[in-house]
Amino acid sequence: MEIVRKVNNISELCSRAREEGKTIGLVPTMGALHAGHISLIERARKENDIVVVSVFVNPTQFNNPDDLRTYPRTEEADCRKLEAAGVDYAFIPSVEEIYPEEDTRVFDLGPVAEVMEGAMRPGHFNGVAQIVSRLFAMVNPTRAYFGEKDFQQIAVIRRMAELEGFDTIDIIACPIKREEDGLAMSSRNVRLTPRQREIAPNIHAILVESTKLAGELTLDETIKYVVDKINSFEEMEVEYYQIVNPLTMQPIKQWSEAPAGESVGCITVYLGDVRLIDNIKYMVK
């Protein structure tokens, strides 16, 4: 594995690979790698000749300075995991390398970016669009891989790719990777206290329970069930829970509005001061 820190170098390496007729898989990350990231890399490894993984904590997508400051940074451990996973190029640039000048671009991301995370974290998705568009331009991958834990983010990236003309890049959504007890893997999980870590799997467990009840409950009753159950745990507080159309990210008001009966429940929960996100699919005809 080669560690690359300069934009020009990663662009040259990828350009050469494309000239040789090789396919390139890109896995953008912010480091603090876990098995969820590795599952994306493993899929990229199977489907491409060259695998590029970026490790970059992108400041423009943090609207909370404390969240940026406390975000875990574990470069040495990350590099060991990347090498073991068979990555060809680990792209680990500095902030100055990615943003030699302030990125003032504002993307017209539309309705998919206005709800849920977009409403709670103003500017977050514009920052995501800034960094991912830069990575796409530098690497010009054949395929780019993203985890479905950030379900709304994938819709935003597809919209950005449409706006910026990255129509040759295949954006691959990969299933959520979970711990054995059901907690969605996240770099933020390391910030949970032992007691909080015991409580956290209840988020997924309650979402699963709600899918079994959804046929009997109205959509509003299902939302209330999830919120009330999670909020009943000490230290847990739901920031939002919305059941949305998976294509538009817009909240639906009743089950019949879901395309082909499929909708997605997207949740954000504060456990202490750690913000956890998850989602689950509903099939209610």
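FYI, side chains are in, hydrogens and waters are out, and symmetry mates aren't considered; it's all heavy atoms of this structure.
- Side chains of Val57 and Phe62 form a contact here, defined as non-hydrogen atoms less than 4.5 Å apart.
- Salt-bridge annotation for Glu19 and Arg16: absent, with no side-chain N of the basic residue lying under 4.0 Å from a carboxylate O of the acidic one.
- A distance-only check finds a donor-acceptor pair linking the side chain of Asn126 to the backbone of Phe107 [under 3.5 Å].
- In this structure, Leu219 is a member of the same hydrophobic cluster as Leu207, with clusters built from ILVMFWY side-chain heavy atoms closer than 4.5 Å.
- The environment of NZ in Lys177 is sparse: at most 12 heavy-atom neighbours from other residues, nucleotides or ligands sit within 6.0 Å.
- Within a 6.0 Å radius of CD in Glu2, other residues, nucleotides and ligands contribute more than 12 heavy atoms.
- If you look at Phe91 and Phe56, their ring centroids are not closer than 6.0 Å.
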For residues 35-44, run the donor-acceptor check on the side chains, cut-off 3.5 Å, and write out each pair with its distance to 0.1 Å, sequence neighbours left out.
residue: His37; atom: ND1; partner: His34; partner atom: N; Å: 3.0
residue: Ser39; atom: OG; partner: Gly36; partner atom: O; Å: 2.6
residue: Arg43; atom: NE; partner: Glu47; partner atom: OE2; Å: 2.9

TODO: For Val55 and Met30, run side chain to side chain contact (heavy atoms under 4.5 Å, CB included): C-alpha distance rounded to whole Å, both residues' side-chain angles, the deciding distance at 0.1 Å, then the answer.
DONE: CA-CA 5 Å; Val55 177; Met30 293 206 299; over 6 Å; no

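- Tyr225 and Phe233 fall within a single hydrophobic cluster, where Ile, Leu, Val, Met, Phe, Trp and Tyr side chains are chained together by heavy-atom contacts under 4.5 Å.
- Transitive grouping of hydrophobic side chains (ILVMFWY, heavy atoms separated by less than 4.5 Å) keeps Met185 and Leu271 in distinct clusters.
- When Asp170, Val53, Ile171, Asn48 are each tested for a side-chain contact (heavy atoms from CB on, under 4.5 Å) with Tyr145, only one passes: Asn48.
- At a threshold of 4.0 Å, the pair Arg5-Glu97 does not count as salt-bridged, since none of the basic side-chain nitrogens sits closer than that to a carboxylate oxygen.
- In this structure, the side chains of Arg143 and Thr23 come closer than 4.5 Å at one or more pairs of heavy atoms.
- Under the 4.0 Å criterion applied to side-chain N and carboxylate O atoms, Arg275 and Asp67 are not assigned as salt-bridge partners.
- Taking CG from Leu276 and CD from Glu239, the interatomic distance works out to 11.0 Å, rounded to the nearest 0.5 Å.
- Minimum interatomic distance between Pro59 and Val95 (heavy atoms only, all atoms of both residues): CG-CG1, 4.1 Å.
- One hydrophobic cluster, built from ILVMFWY side chains closer than 4.5 Å, cannot hold both Ile92 and Ile50; they sit in different ones.
- Scanning all heavy atoms of the two residues, the minimum distance from Trp255 to Ala214 falls at NE1-O, 3.4 Å.
- Side chain of Glu117 to backbone of Gln152: no donor-acceptor contact under 3.5 angstrom is found.
- At a threshold of 4.0 Å, the pair Arg18-Asp49 does not count as salt-bridged, since none of the basic side-chain nitrogens sits closer than that to a carboxylate oxygen.
- Residues Val52 and Leu13 are not in side-chain contact: their nearest non-hydrogen atoms beyond the backbone lie 4.5 Å or more apart.
- In this structure, Glu262 and Tyr282 have side chains that are not in contact, with every pair of non-hydrogen atoms separated by 4.5 Å or more.
- Distance alone, capped at 3.5 Å, is enough to place a donor-acceptor pair between the Glu257 side chain and the Lys253 backbone.
- Remark: His204 NE2 to Ile230 CD1 distance equals 11.5 Å, nearest 0.5 Å.
- The backbone N or O of Thr193 lies less than 3.5 Å from a partner atom in the side chain of Gln196, making a donor-acceptor pair.
- Contact check for Val264 versus Phe151: side-chain heavy atoms found under the 4.5 Å cut-off.
- Within 6.0 Å of CZ on Arg73 lie more than 12 heavy atoms contributed by other residues, nucleotides or ligands.
- Salt-bridge annotation for Arg188 and Asp273: absent, with no side-chain N of the basic residue lying under 4.0 Å from a carboxylate O of the acidic one.
- Remark: the backbone N or O of Thr218 is paired with a side-chain donor or acceptor of Glu221 at under 3.5 angstrom.
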- [ ] Kindly determine whether Glu76 and Arg80 satisfy salt bridge (Lys or Arg N to Asp or Glu O under 4.0 Å), including the steps that lead there.
- [x] CA-CA 7 Å; Glu76 193 175 321; Arg80 287 196 297 270; 3.5 Å; yes

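- Side chain of Asp78 to main chain of Leu33: a donor-acceptor pair is present (N/O by atom type, distance under 3.5 Å, no hydrogens or angles).
- The OG1 atom of Thr29 sits 11.5 Å away from the CG atom of Asn58 when rounded to the nearest 0.5 Å.
- The shortest side-chain heavy-atom distance between Met120 and Thr268 does not fall under the 4.5 Å cut-off.
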TODO: May I have the step-by-step check of side chain to side chain contact (heavy atoms under 4.5 Å, CB included) for Ser11 and Met138, ending in yes or no?
DONE: CA-CA 5 Å; Ser11 294; Met138 294 167 200; 3.8 Å; yes

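- The closest side-chain donor-acceptor pair between Tyr71 and Asp66, if any, does not fall under 3.5 angstrom.
- Summarising the geometry of Ser187 relative to Gly31, their closest heavy-atom pair is OG-O, 3.5 Å, with the distance given to 0.1 Å.
- Summarising the geometry of Arg134 relative to Ile98, their closest heavy-atom pair is NH1-O, 2.6 Å, with the distance given to 0.1 Å.
- Contact record, Met160 with Ala129: CG-CB, 3.9 Å, taken as the closest heavy-atom pair.
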Open item on the list: Working note: Ile267 + Val238, criterion side chain to side chain contact (heavy atoms under 4.5 Å, CB included); need CA distance, chi angles, decisive distance, verdict.
Closed with: CA-CA 7 Å; Ile267 196 161; Val238 175; 4.3 Å; yes

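- Here CD1 of Ile176 is found 11.0 Å from OG of Ser186. Values are rounded to the nearest 0.5 Å.
- In this structure, Met236 and Ile203 have side chains that are in contact, with non-hydrogen atoms separated by less than 4.5 Å.
- Taking hydrophobic clusters as Ile, Leu, Val, Met, Phe, Trp and Tyr residues chained together by side-chain heavy-atom distances below 4.5 Å, Tyr270 does not share a cluster with Met116.
- Shown here is Glu20, whose CD atom has more than 12 heavy atoms of other residues, nucleotides or ligands within 6.0 Å.
- Within the 3.5 Å criterion, the main-chain N or O of Glu148 finds a donor-acceptor partner in the side chain of Asn279.
- For Gln250 (side chain) and Thr248 (main-chain N/O), a donor-acceptor pair under 3.5 Å exists by modelled atom type.
- Considering OG of Ser263 and CD1 of Ile243, their distance stands at 6.0 Å, rounded to 0.5 Å.
- Although no hydrogens or angles enter the test, the distance criterion places a donor-acceptor pair under 3.5 Å between the side chain of Asn189 and the main chain of Ala184.
- Between Lys229 and Asn202 the shortest side-chain heavy-atom distance does not fall below 4.5 Å.
- Here Asp88 does not pair with Lys22 in a salt bridge; the nearest charged N to carboxylate O distance is not below 4.0 Å.
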TODO: Could you walk me through whether Arg195 and Glu234 pass the side chain to side chain contact (heavy atoms under 4.5 Å, CB included) test, one step at a time?
DONE: CA-CA 11 Å; Arg195 172 63 183 147; Glu234 189 179 354; 5.7 Å; no

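- Asn231 contributes atom CG, which lies 13.5 Å from atom OH of Tyr241 (distance to the nearest 0.5 angstrom).
- Judged by distance alone, with hydrogens and angles left aside, the side-chain atoms of Arg105 form a donor-acceptor pair with the main-chain N or O of Gln130 at under 3.5 Å.
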